[in-house]
Amino acid sequence: MLNIAKTMENGQGSLALEGRLDTTTAPELEKELSCLMPDLRALTLDFAGLDYVSSAGLRVLLSAQKTMNKQGNMKLTNVNATVMEIFEVTGFSDILTIV
């Protein structure tokens with residue numbers, strides 16, 4: 001299960017994710033992002049409540065990063081040690097902006 005709380009203001013978008021970003025839930029995030037992306041100059045993904053990211057979730061994050069590289073910036077905040085380890089092992093820590 002994945003809960004997504006979104007905030008949008010003046011081209012700044014923020015999504016707080018809670019739960020698991022996996023094969024089942026990645027399409028939910030992808031749908032939310034596809035609706036928001038055209039109007040965004042900055043995107044923040046708050047991972048404070050995110051427990052796990054699978055390869056399907058990584059694909060969605062990579063796609064979002066590529067889009068935001070063209071129209072603004074994207075950052076991930078509050079990444080826990082478990083998710084950070086996934087990013088480091090897969091090399092995503094070098095692709096994504098994690099603060």
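Heads up: numbering here begins at 1 and tracks the sequence.
- Between T23 and A56, the shortest heavy-atom distance links the atoms CA-CB, 3.8 Å.
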Starting from the C-alpha separation in whole Å, work towards a yes-or-no answer on side chain to side chain contact (heavy atoms under 4.5 Å, CB included) for F92 and L62. CA-CA 8 Å; F92 272 64; L62 181 60; 3.9 Å; yes
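- Among all heavy-atom pairs drawn from G57 and A26, the shortest one is N-CB, 4.1 Å.
- With a 4.5 Å cut-off on side-chain heavy atoms, M74 and L45 count as touching.
- Side chains of F47 and N80 form no contact here, defined as non-hydrogen atoms less than 4.5 Å apart.
- Interatomic distance, CG of L33 versus CG of L15, reported as 5.5 Å (0.5 Å rounding).
- I86 contributes atom CD1, which lies 12.0 Å from atom OG of S93 (distance to the nearest 0.5 angstrom).
- Interatomic distance, CD of E85 versus OG1 of T90, reported as 10.5 Å (0.5 Å rounding).
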Check the pair L50 / L2 against side chain to side chain contact (heavy atoms under 4.5 Å, CB included), numbers first and verdict last. CA-CA 8 Å; L50 196 69; L2 180 69; 3.8 Å; yes
Where do L76 and T97 land on the side chain to side chain contact (heavy atoms under 4.5 Å, CB included) test, with the steps shown first? CA-CA 6 Å; L76 280 57; T97 302; over 6 Å; no
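- Separation of atoms CD (E28) and CE (M1) is listed at 8.0 Å; rounding is to 0.5 Å.
- Taking NZ from K66 and CD1 from I95, the interatomic distance works out to 8.5 Å, rounded to the nearest 0.5 Å.
- Inter-residue side-chain proximity for E30 and R59 is flagged as met; some heavy-atom pair is nearer than 4.5 Å.
- Not a single donor-acceptor pair under 3.5 Å links the side chain of S63 to the backbone N or O of V60.
- For T82 against D51, the heavy-atom pair with the smallest separation is CG2-O, 4.0 Å.
- Rounded to the nearest 0.5 Å, atoms CG (L43) and OG (S14) are 8.0 Å apart.
- Summarising the local packing, CD of Q12 is surrounded by more than 12 heavy atoms from other residues, nucleotides or ligands at distances under 6.0 Å.
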Kindly indicate, with the supporting measurements, whether the criterion side chain to side chain contact (heavy atoms under 4.5 Å, CB included) is fulfilled by I98 and M84. CA-CA 9 Å; I98 302 169; M84 190 63 178; 3.9 Å; yes
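- Of the possible polar contacts, none joining the R41 side chain to the M68 backbone as a donor-acceptor pair under 3.5 Å is found.
- T44 contributes no side-chain N or O that, together with a main-chain N or O of K75, makes up a donor-acceptor pair within less than 3.5 Å.
- Between I4 and L29 the shortest side-chain heavy-atom distance falls below 4.5 Å.
- Checking side-chain atoms of Q71 against main-chain N and O of L40 turns up a donor-acceptor pair under 3.5 Å.
- Here the side chains of D94 and F87 are not in contact, with every heavy-atom distance at 4.5 Å or above.
- Heavy atoms only, all atoms of each residue included: T77 and D46 are closest at OG1-CA, 3.4 Å.
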